[in-house]
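Working notes for the structure below.
In listed order, ligands and their atoms are each counted from 1.
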Amino acid sequence: MNILVLGSGGREHAIVCALAASPLAGSIFVAPGNGGEAPGARNVVLDALDAQAVVAFARSNDVELVVVGPEAPLVAGVADVVREAGILCFGPGASGARMEGSKQFSKEFMERHSIPTATFGAFTDVEDALTYLQKQSAPIVVKADGLAAGKGVTVAATLEEAEQAVRECFAGRFGEAGTTVVIEECMTGPECSLLVFTDGTRVLPMAPAQDHKRAGEGDTGPNTGGMGVYSPVPLVTDEEYALMLSYMERTVTGLAAEGIDYRGVLYGGFMLTPTGPRVLEFNARFGDPETQVLLPRLKSDLLEVMLAVARGDLSSVELEWDDGWAVSVVLASAGYPGDYEKGKPISGIEAAEAVAGVKVYHAGTKRAQDGTLVTNGGRVLNVTALGVSFAQARERAYEACGFISFEGAWYRRDIGARAL
Ligand code: AMP
Ligand code: GLY
(Lines give C-alpha, C1' and ligand atoms only; values in the text may rest on other atoms or scores of the structure.)
(Ligands and ions follow the chains in the order given, each with its own letter.)
Protein backbone atom coordinates (compact mmCIF):
# COMPACT_ATOMS: atom_id res chain seq x y z
CA MET A 1 0.00 0.00 0.00
CA ASN A 2 1.37 3.40 -1.00
CA ILE A 3 1.27 6.18 1.58
CA LEU A 4 1.71 9.95 1.44
CA VAL A 5 2.96 11.71 4.57
CA LEU A 6 2.66 15.51 4.71
CA GLY A 7 5.28 17.42 6.72
CA SER A 8 9.00 17.99 7.10
CA GLY A 9 10.00 17.69 10.76
CA GLY A 10 11.39 15.16 13.21
CA ARG A 11 7.80 14.10 13.90
CA GLU A 12 7.31 13.17 10.25
CA HIS A 13 10.64 11.31 10.08
CA ALA A 14 9.58 9.28 13.14
CA ILE A 15 6.19 8.55 11.53
CA VAL A 16 7.83 7.53 8.25
CA CYS A 17 10.34 5.24 10.01
CA ALA A 18 7.50 3.51 11.89
CA LEU A 19 5.38 3.15 8.74
CA ALA A 20 8.36 1.80 6.78
CA ALA A 21 8.64 -1.03 9.31
CA SER A 22 5.18 -2.29 8.38
CA PRO A 23 4.96 -5.31 6.07
CA LEU A 24 1.90 -3.65 4.52
CA ALA A 25 3.83 -0.54 3.41
CA GLY A 26 4.63 -0.01 -0.28
CA SER A 27 6.08 3.29 -1.43
CA ILE A 28 6.06 6.07 1.15
CA PHE A 29 6.05 9.59 -0.28
CA VAL A 30 6.98 12.43 2.04
CA ALA A 31 6.02 15.98 1.13
CA PRO A 32 8.33 17.81 1.43
CA GLY A 33 10.28 15.69 3.95
CA ASN A 34 13.85 16.44 5.04
CA GLY A 35 17.26 14.75 4.93
CA GLY A 36 15.95 11.76 6.91
CA GLU A 37 15.59 8.45 5.14
CA ALA A 38 13.65 5.21 5.61
CA PRO A 39 13.35 2.06 3.51
CA GLY A 40 10.85 2.61 0.68
CA ALA A 41 10.44 6.31 1.44
CA ARG A 42 11.27 9.26 -0.79
CA ASN A 43 10.67 12.98 -0.73
CA VAL A 44 8.36 14.65 -3.21
CA VAL A 45 7.76 18.30 -4.04
CA LEU A 46 4.17 19.09 -3.18
CA ASP A 47 2.45 21.95 -1.37
CA ALA A 48 0.84 20.29 1.67
CA LEU A 49 -1.63 23.18 1.95
CA ASP A 50 -2.92 22.68 -1.59
CA ALA A 51 -5.59 20.02 -1.05
CA GLN A 52 -6.30 19.56 -4.76
CA ALA A 53 -2.60 19.00 -5.46
CA VAL A 54 -2.46 16.45 -2.62
CA VAL A 55 -5.43 14.56 -4.08
CA ALA A 56 -4.01 14.71 -7.61
CA PHE A 57 -0.66 13.37 -6.41
CA ALA A 58 -2.35 10.62 -4.41
CA ARG A 59 -4.44 9.54 -7.40
CA SER A 60 -1.56 9.43 -9.84
CA ASN A 61 0.65 7.47 -7.43
CA ASP A 62 -1.87 4.92 -6.15
CA VAL A 63 -1.71 6.37 -2.66
CA GLU A 64 -4.29 4.72 -0.41
CA LEU A 65 -3.54 6.55 2.82
CA VAL A 66 -2.63 10.20 3.43
CA VAL A 67 -1.11 11.03 6.83
CA VAL A 68 -1.17 14.70 7.78
CA GLY A 69 1.66 15.59 10.17
CA PRO A 70 1.42 19.35 10.93
CA GLU A 71 -1.50 21.50 12.03
CA ALA A 72 -1.66 24.00 9.16
CA PRO A 73 -3.03 21.61 6.51
CA LEU A 74 -5.43 20.12 9.07
CA VAL A 75 -6.83 23.54 9.98
CA ALA A 76 -7.01 24.36 6.25
CA GLY A 77 -9.27 21.32 5.72
CA VAL A 78 -6.91 19.21 3.61
CA ALA A 79 -8.13 16.02 5.33
CA ASP A 80 -11.74 16.82 4.35
CA VAL A 81 -10.83 17.17 0.67
CA VAL A 82 -8.75 13.97 0.71
CA ARG A 83 -11.61 12.00 2.28
CA GLU A 84 -14.19 13.51 -0.09
CA ALA A 85 -11.97 12.21 -2.91
CA GLY A 86 -12.43 8.71 -1.48
CA ILE A 87 -8.88 8.40 -0.13
CA LEU A 88 -8.24 7.32 3.46
CA CYS A 89 -6.80 10.09 5.62
CA PHE A 90 -5.20 10.10 9.07
CA GLY A 91 -5.97 13.48 10.63
CA PRO A 92 -9.14 15.38 11.52
CA GLY A 93 -11.06 17.60 9.15
CA ALA A 94 -11.25 21.36 9.57
CA SER A 95 -14.06 21.18 12.15
CA GLY A 96 -12.04 18.90 14.45
CA ALA A 97 -8.79 20.79 13.84
CA ARG A 98 -10.44 23.87 15.35
CA MET A 99 -9.52 22.30 18.70
CA GLU A 100 -6.02 23.53 17.86
CA GLY A 101 -6.75 26.23 15.29
CA SER A 102 -8.91 28.36 17.59
CA LYS A 103 -8.17 28.80 21.28
CA GLN A 104 -11.59 30.39 21.73
CA PHE A 105 -13.29 27.38 20.16
CA SER A 106 -11.36 24.91 22.31
CA LYS A 107 -11.92 26.92 25.51
CA GLU A 108 -15.66 27.19 24.86
CA PHE A 109 -15.73 23.49 23.98
CA MET A 110 -14.10 22.66 27.33
CA GLU A 111 -16.63 24.85 29.09
CA ARG A 112 -19.54 23.06 27.36
CA HIS A 113 -18.16 19.66 28.30
CA SER A 114 -16.91 20.40 31.82
CA ILE A 115 -13.27 19.70 31.04
CA PRO A 116 -11.05 21.41 33.64
CA THR A 117 -9.01 24.28 32.22
CA ALA A 118 -8.01 27.86 33.11
CA THR A 119 -10.86 30.38 33.38
CA PHE A 120 -10.83 32.72 30.40
CA GLY A 121 -12.36 35.51 28.37
CA ALA A 122 -12.30 35.82 24.55
CA PHE A 123 -12.36 39.20 22.81
CA THR A 124 -12.47 40.69 19.34
CA ASP A 125 -12.31 44.28 20.58
CA VAL A 126 -9.24 45.81 22.22
CA GLU A 127 -11.20 47.98 24.70
CA ASP A 128 -13.32 45.02 25.85
CA ALA A 129 -10.15 42.99 26.37
CA LEU A 130 -8.46 45.75 28.36
CA THR A 131 -11.56 46.31 30.52
CA TYR A 132 -11.61 42.58 31.35
CA LEU A 133 -7.89 42.64 32.07
CA GLN A 134 -8.26 45.46 34.61
CA LYS A 135 -10.50 43.19 36.72
CA GLN A 136 -7.92 40.37 36.76
CA SER A 137 -4.68 39.97 38.65
CA ALA A 138 -1.18 39.06 37.47
CA PRO A 139 0.37 36.74 36.50
CA ILE A 140 -2.02 36.26 33.61
CA VAL A 141 -1.85 34.67 30.17
CA VAL A 142 -2.64 36.34 26.82
CA LYS A 143 -3.07 34.20 23.70
CA ALA A 144 -3.66 34.89 20.04
CA ASP A 145 -6.68 32.79 19.05
CA GLY A 146 -5.28 31.22 15.89
CA LEU A 147 -2.16 29.36 14.77
CA ALA A 148 0.97 31.35 15.58
CA ALA A 149 3.69 28.68 15.37
CA GLY A 150 3.88 28.42 19.17
CA LYS A 151 4.65 32.13 19.54
CA GLY A 152 1.16 33.46 20.25
CA VAL A 153 1.22 32.93 24.03
CA THR A 154 2.44 35.50 26.58
CA VAL A 155 2.64 34.48 30.22
CA ALA A 156 2.59 38.02 31.65
CA ALA A 157 4.12 38.69 35.07
CA THR A 158 2.32 42.04 35.37
CA LEU A 159 -0.93 43.56 34.08
CA GLU A 160 1.14 46.14 32.15
CA GLU A 161 2.91 43.35 30.30
CA ALA A 162 -0.45 41.68 29.63
CA GLU A 163 -1.89 44.95 28.34
CA GLN A 164 1.01 45.33 25.95
CA ALA A 165 0.51 41.75 24.70
CA VAL A 166 -3.18 42.46 24.10
CA ARG A 167 -2.39 45.65 22.18
CA GLU A 168 0.28 43.93 20.07
CA CYS A 169 -2.07 41.10 19.23
CA PHE A 170 -4.78 43.45 18.02
CA ALA A 171 -2.18 45.57 16.20
CA GLY A 172 -1.51 42.58 13.96
CA ARG A 173 1.61 41.01 15.46
CA PHE A 174 0.23 37.54 14.63
CA GLY A 175 -1.82 38.61 11.61
CA GLU A 176 -5.24 36.97 11.28
CA ALA A 177 -4.43 34.65 14.21
CA GLY A 178 -4.58 37.62 16.59
CA THR A 179 -7.91 39.16 15.58
CA THR A 180 -9.41 37.31 18.55
CA VAL A 181 -7.54 37.35 21.85
CA VAL A 182 -8.00 34.92 24.72
CA ILE A 183 -7.06 36.04 28.25
CA GLU A 184 -6.56 33.21 30.72
CA GLU A 185 -5.95 32.57 34.36
CA CYS A 186 -2.31 31.58 34.92
CA MET A 187 -2.04 28.02 36.23
CA THR A 188 0.96 26.52 37.96
CA GLY A 189 2.53 23.09 38.08
CA PRO A 190 4.56 20.72 35.91
CA GLU A 191 3.38 20.19 32.34
CA CYS A 192 2.91 16.93 30.54
CA SER A 193 1.15 15.77 27.43
CA LEU A 194 -1.14 12.85 26.77
CA LEU A 195 -1.73 11.88 23.16
CA VAL A 196 -4.46 9.52 22.07
CA PHE A 197 -5.39 7.82 18.82
CA THR A 198 -9.08 8.21 18.12
CA ASP A 199 -11.44 7.01 15.39
CA GLY A 200 -14.07 9.53 16.48
CA THR A 201 -15.56 7.42 19.25
CA ARG A 202 -12.90 5.13 20.71
CA VAL A 203 -9.74 6.34 22.42
CA LEU A 204 -6.41 4.49 22.55
CA PRO A 205 -3.93 6.38 24.73
CA MET A 206 -0.20 6.63 24.36
CA ALA A 207 2.09 7.06 27.38
CA PRO A 208 2.45 10.55 28.90
CA ALA A 209 5.44 12.56 27.68
CA GLN A 210 7.22 15.64 28.93
CA ASP A 211 8.71 18.25 26.62
CA HIS A 212 11.36 20.85 27.56
CA LYS A 213 10.32 24.10 25.92
CA ARG A 214 12.98 26.51 27.16
CA ALA A 215 16.32 26.87 25.41
CA GLY A 216 18.43 26.96 28.57
CA GLU A 217 19.34 24.38 31.17
CA GLY A 218 17.18 24.45 34.29
CA ASP A 219 14.24 25.60 32.13
CA THR A 220 15.59 29.10 31.61
CA GLY A 221 15.89 31.34 28.57
CA PRO A 222 13.63 31.81 25.57
CA ASN A 223 10.88 29.44 24.43
CA THR A 224 11.64 27.00 21.63
CA GLY A 225 9.77 24.37 19.68
CA GLY A 226 11.06 21.87 22.28
CA MET A 227 14.66 20.94 23.21
CA GLY A 228 14.08 17.40 24.40
CA VAL A 229 11.45 15.03 25.69
CA TYR A 230 11.02 11.81 27.60
CA SER A 231 8.34 9.22 28.16
CA PRO A 232 6.72 7.92 30.27
CA VAL A 233 6.68 10.59 32.99
CA PRO A 234 7.43 9.29 36.50
CA LEU A 235 6.01 12.32 38.28
CA VAL A 236 2.51 11.62 36.91
CA THR A 237 0.61 9.62 39.52
CA ASP A 238 -1.87 6.87 38.59
CA GLU A 239 -4.69 9.15 39.78
CA GLU A 240 -3.50 12.01 37.59
CA TYR A 241 -3.12 9.72 34.60
CA ALA A 242 -6.65 8.36 35.09
CA LEU A 243 -8.04 11.89 35.25
CA MET A 244 -6.15 13.03 32.15
CA LEU A 245 -7.38 10.00 30.23
CA SER A 246 -10.96 10.61 31.36
CA TYR A 247 -10.74 14.21 30.09
CA MET A 248 -9.45 12.98 26.73
CA GLU A 249 -12.33 10.48 26.54
CA ARG A 250 -14.81 13.19 27.49
CA THR A 251 -13.37 15.39 24.78
CA VAL A 252 -13.80 12.74 22.10
CA THR A 253 -17.34 12.00 23.30
CA GLY A 254 -18.04 15.75 23.16
CA LEU A 255 -16.65 16.06 19.64
CA ALA A 256 -18.86 13.20 18.46
CA ALA A 257 -21.89 14.71 20.22
CA GLU A 258 -21.26 17.94 18.32
CA GLY A 259 -21.22 16.06 15.03
CA ILE A 260 -17.45 16.24 14.55
CA ASP A 261 -16.00 13.04 13.07
CA TYR A 262 -12.47 13.26 14.48
CA ARG A 263 -10.02 10.71 13.06
CA GLY A 264 -6.38 11.06 14.03
CA VAL A 265 -4.36 11.97 17.08
CA LEU A 266 -5.73 14.28 19.73
CA TYR A 267 -2.98 15.85 21.82
CA GLY A 268 -3.86 17.06 25.31
CA GLY A 269 -1.38 19.48 26.86
CA PHE A 270 -1.89 19.36 30.64
CA MET A 271 -0.73 21.26 33.66
CA LEU A 272 -0.61 19.16 36.83
CA THR A 273 -1.93 21.85 39.16
CA PRO A 274 -2.22 21.48 42.93
CA THR A 275 -5.95 20.82 42.41
CA GLY A 276 -5.39 18.19 39.72
CA PRO A 277 -4.63 18.06 36.00
CA ARG A 278 -6.15 20.80 33.84
CA VAL A 279 -5.95 21.26 30.10
CA LEU A 280 -3.60 23.94 28.75
CA GLU A 281 -4.34 23.32 25.10
CA PHE A 282 -5.33 20.74 22.55
CA ASN A 283 -3.45 19.95 19.37
CA ALA A 284 -5.03 18.15 16.45
CA ARG A 285 -1.94 16.08 15.60
CA PHE A 286 1.08 14.24 16.94
CA GLY A 287 3.40 16.41 19.04
CA ASP A 288 6.88 17.36 17.93
CA PRO A 289 9.19 16.19 19.60
CA GLU A 290 6.80 13.94 21.63
CA THR A 291 6.33 11.61 18.64
CA GLN A 292 10.07 10.93 18.65
CA VAL A 293 9.76 9.21 22.05
CA LEU A 294 6.26 7.75 21.63
CA LEU A 295 6.50 5.90 18.33
CA PRO A 296 9.83 4.14 19.07
CA ARG A 297 8.05 2.46 22.01
CA LEU A 298 5.08 1.33 19.90
CA LYS A 299 5.40 -2.38 19.14
CA SER A 300 2.13 -2.56 17.19
CA ASP A 301 2.14 -1.90 13.44
CA LEU A 302 1.60 1.88 13.09
CA LEU A 303 0.21 1.46 9.58
CA GLU A 304 -2.51 -0.90 10.82
CA VAL A 305 -3.36 1.57 13.60
CA MET A 306 -3.48 4.52 11.20
CA LEU A 307 -5.63 2.60 8.73
CA ALA A 308 -8.09 1.68 11.47
CA VAL A 309 -8.24 5.32 12.59
CA ALA A 310 -8.71 6.53 9.01
CA ARG A 311 -11.49 3.97 8.43
CA GLY A 312 -13.17 5.07 11.65
CA ASP A 313 -12.97 1.70 13.34
CA LEU A 314 -10.42 1.08 16.07
CA SER A 315 -12.55 -1.66 17.64
CA SER A 316 -10.18 -4.49 16.75
CA VAL A 317 -6.94 -2.63 17.53
CA GLU A 318 -4.95 -3.03 20.71
CA LEU A 319 -1.76 -1.08 21.20
CA GLU A 320 1.30 -2.91 22.40
CA TRP A 321 4.11 -0.87 23.94
CA ASP A 322 7.70 -1.50 24.87
CA ASP A 323 7.76 -1.16 28.63
CA GLY A 324 11.10 0.62 28.73
CA TRP A 325 11.92 4.29 28.73
CA ALA A 326 12.61 6.75 25.95
CA VAL A 327 14.58 9.99 26.02
CA SER A 328 15.15 12.30 23.06
CA VAL A 329 17.66 15.14 22.96
CA VAL A 330 17.41 17.89 20.33
CA LEU A 331 20.62 19.02 18.62
CA ALA A 332 20.20 22.63 17.55
CA SER A 333 21.97 25.18 15.35
CA ALA A 334 24.03 28.00 16.90
CA GLY A 335 21.74 30.96 17.56
CA TYR A 336 18.46 28.99 17.70
CA PRO A 337 15.72 30.00 18.68
CA GLY A 338 16.99 33.30 17.28
CA ASP A 339 18.69 33.64 13.89
CA TYR A 340 20.92 30.80 12.75
CA GLU A 341 22.82 29.75 9.65
CA LYS A 342 22.00 26.73 7.51
CA GLY A 343 24.04 24.44 5.30
CA LYS A 344 26.54 23.12 7.87
CA PRO A 345 27.75 19.58 7.04
CA ILE A 346 26.66 16.98 9.62
CA SER A 347 28.73 13.94 10.59
CA GLY A 348 28.60 11.10 13.09
CA ILE A 349 25.00 9.90 12.77
CA GLU A 350 26.07 6.33 11.98
CA ALA A 351 28.31 6.20 15.04
CA ALA A 352 25.50 7.63 17.16
CA GLU A 353 23.10 4.96 15.92
CA ALA A 354 25.63 2.27 16.79
CA VAL A 355 24.97 3.01 20.46
CA ALA A 356 22.49 0.40 21.74
CA GLY A 357 18.85 1.54 21.64
CA VAL A 358 19.58 4.73 19.69
CA LYS A 359 17.75 6.14 16.67
CA VAL A 360 18.50 9.55 15.21
CA TYR A 361 15.52 11.35 13.68
CA HIS A 362 16.07 14.17 11.23
CA ALA A 363 14.29 17.48 11.77
CA GLY A 364 16.09 20.45 10.16
CA THR A 365 18.35 18.58 7.72
CA LYS A 366 18.59 18.17 3.97
CA ARG A 367 20.75 16.54 1.32
CA ALA A 368 22.80 19.13 -0.52
CA GLN A 369 23.25 18.86 -4.33
CA ASP A 370 26.38 16.77 -3.86
CA GLY A 371 24.60 14.39 -1.46
CA THR A 372 26.18 15.77 1.73
CA LEU A 373 23.84 15.91 4.70
CA VAL A 374 23.63 19.51 5.94
CA THR A 375 21.71 21.51 8.52
CA ASN A 376 18.54 23.17 7.28
CA GLY A 377 16.76 24.42 10.39
CA GLY A 378 17.06 25.51 14.01
CA ARG A 379 16.30 22.13 15.50
CA VAL A 380 18.46 19.79 13.44
CA LEU A 381 18.33 16.26 14.88
CA ASN A 382 16.44 14.37 17.58
CA VAL A 383 18.63 11.77 19.23
CA THR A 384 16.27 9.21 20.76
CA ALA A 385 17.38 6.36 23.01
CA LEU A 386 15.39 3.52 24.54
CA GLY A 387 16.50 1.87 27.76
CA VAL A 388 15.30 -0.55 30.40
CA SER A 389 15.59 2.25 32.93
CA PHE A 390 15.26 5.97 32.64
CA ALA A 391 18.92 6.41 33.59
CA GLN A 392 20.01 3.99 30.88
CA ALA A 393 17.93 5.71 28.18
CA ARG A 394 19.37 9.05 29.20
CA GLU A 395 22.96 7.83 29.24
CA ARG A 396 22.57 6.26 25.81
CA ALA A 397 21.03 9.41 24.33
CA TYR A 398 23.84 11.61 25.62
CA GLU A 399 26.54 9.14 24.62
CA ALA A 400 25.12 9.16 21.08
CA CYS A 401 24.94 12.98 20.99
CA GLY A 402 28.67 13.00 21.63
CA PHE A 403 29.33 11.32 18.25
CA ILE A 404 27.44 13.87 16.17
CA SER A 405 28.98 17.09 15.00
CA PHE A 406 28.18 20.10 12.86
CA GLU A 407 29.44 23.66 13.24
CA GLY A 408 27.74 25.38 16.16
CA ALA A 409 25.83 22.29 17.36
CA TRP A 410 24.48 22.56 20.90
CA TYR A 411 22.00 20.75 23.12
CA ARG A 412 20.67 20.88 26.66
CA ARG A 413 22.52 18.53 28.99
CA ASP A 414 19.66 18.26 31.47
CA ILE A 415 16.89 16.63 29.46
CA GLY A 416 14.96 14.49 31.92
CA ALA A 417 17.07 15.62 34.86
CA ARG A 418 13.98 16.63 36.77
CA ALA A 419 12.52 13.15 36.43
CA LEU A 420 15.51 11.45 38.05
P1 AMP B 1 -0.09 26.72 24.58
O2 AMP B 1 0.37 27.03 23.18
O3 AMP B 1 -1.49 27.12 24.87
O4 AMP B 1 0.26 25.35 25.03
O5 AMP B 1 0.86 27.61 25.50
C6 AMP B 1 2.28 27.50 25.43
C7 AMP B 1 2.85 27.46 26.81
O8 AMP B 1 2.43 28.60 27.56
C9 AMP B 1 2.38 26.27 27.64
O10 AMP B 1 3.14 25.14 27.37
C11 AMP B 1 2.56 26.80 29.05
O12 AMP B 1 3.91 26.71 29.45
C13 AMP B 1 2.21 28.26 28.90
N14 AMP B 1 0.78 28.47 29.22
C15 AMP B 1 -0.26 28.48 28.38
N16 AMP B 1 -1.41 28.68 29.02
C17 AMP B 1 -1.12 28.81 30.33
C18 AMP B 1 -1.89 29.05 31.51
N19 AMP B 1 -3.21 29.21 31.45
N20 AMP B 1 -1.23 29.11 32.68
C21 AMP B 1 0.12 28.98 32.74
N22 AMP B 1 0.89 28.76 31.67
C23 AMP B 1 0.30 28.69 30.47
N1 GLY C 1 5.63 19.70 21.58
C2 GLY C 1 4.56 20.59 21.48
C3 GLY C 1 3.78 20.50 20.24
O4 GLY C 1 3.94 19.63 19.42
O5 GLY C 1 2.91 21.34 20.05
Side-chain angles (χ1 to χ4, degrees), residues 7-12 14-15 68-72 74-75 97 99-107 110 115-122 136-157 161-162 165 169 174 177-178 181-195 206 208-215 219-231 233 264-275 277-295 328 330 337 361 363 379 382 415:
S8 63
R11 163 183 53 211
E12 284 75 22
I15 290 171
V68 186
E71 59 276 18
L74 293 168
V75 171
M99 291 296 276
E100 172 164 8
S102 167
K103 307 247 182 226
Q104 179 180 14
F105 176 83
S106 78
K107 295 296 287 189
M110 286 188 260
I115 293 156
T117 186
T119 56
F120 75 103
Q136 312 301 314
S137 55
I140 189 151
V141 182
V142 177
K143 299 183 175 182
D145 177 65
L147 295 183
K151 297 185 176 76
V153 176
T154 303
V155 180
E161 198 188 325
C169 236
F174 306 108
V181 169
V182 170
I183 301 177
E184 262 183 38
E185 165 198 9
C186 188
M187 305 188 286
T188 55
E191 288 177 41
C192 91
S193 43
L194 179 61
L195 283 70
M206 299 177 228
Q210 193 172 50
D211 194 359
H212 296 61
K213 294 221 166 104
R214 301 297 199 94
D219 297 324
T220 55
N223 251 315
T224 70
M227 294 306 300
V229 59
Y230 62 91
S231 179
V233 184
V265 165
L266 183 66
Y267 169 128
F270 287 89
M271 196 161 247
L272 306 174
T273 77
T275 56
R278 293 164 82 191
V279 174
L280 278 168
E281 61 159 351
F282 286 112
N283 293 325
R285 50 166 176 85
F286 272 110
D288 190 344
E290 286 86 345
T291 309
Q292 292 89 300
V293 286
L294 294 170
L295 291 185
S328 187
V330 173
Y361 295 111
R379 290 186 299 163
N382 309 133
I415 299 305

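In Glu185, the part holding a heavy atom less than 4.0 Å from any atom of ligand 1 is the backbone. The residue Val229 has no part lying near ligand 2, judged by heavy-atom distances below 4.0 Å. By the criterion of a heavy-atom distance under 4.0 Å, the side chain of Arg285, and not its backbone, is placed next to ligand 2. When heavy-atom distances to ligand 1 are checked against a 4.0 Å cut-off, Cys186 comes that close through both its backbone and its side chain.
Of all protein heavy atoms, the one lying nearest to atom 1 (N) of ligand 2 is Glu290 OE1, 2.7 Å. In this structure, the protein non-hydrogen atom closest to atom 2 (C) of ligand 2 is Tyr267 OH, 3.4 Å.
Close contacts between ligand 1 and Met187 involve ligand atoms 18 (C), 20 (N), 21 (C) [criterion: under 4.0 Å to a heavy atom]. Counting atoms of ligand 2 from 1 in the listed order, those under 4.0 Å from a heavy atom of Gly287 are 4 (O). For ligand 1, the atoms closer than 4.0 angstrom to any heavy atom of Lys143 are 3 (O), 15 (C), 16 (N). Per-residue contacts place Lys213 under 4.0 angstrom from the following atoms of ligand 1 (heavy atoms of the residue considered): 10 (O).
To the nearest 0.5 Å, atom CG of residue Leu266 and atom CG of residue Asn283 are 8.5 Å apart.
Taking only non-hydrogen atoms, the option from Val153, Val279, Ile183, Asp219 nearest to atom 5 (O) of ligand 1 is Val153. With Thr188, Leu280, Thr117, Asn283 as candidates, the residue nearest to atom 23 (C) of ligand 1 on a non-hydrogen basis is Leu280.
Looking at heavy atoms from C-beta onward, Pro70 lies in side-chain contact with Glu12 at the 4.5 angstrom threshold.
Using modelled atom types, one side-chain atom of Thr273 and one backbone atom of Thr275 make a donor-acceptor pair closer than 3.5 Å. Judged purely by atom type and a 3.5 angstrom limit, Asp145 uses its side chain to pair as donor or acceptor with the backbone of Lys103.
The existence of a salt bridge linking Glu281 and Lys143 is excluded, since no basic side-chain nitrogen approaches an acidic carboxylate oxygen closer than 4.0 Å.
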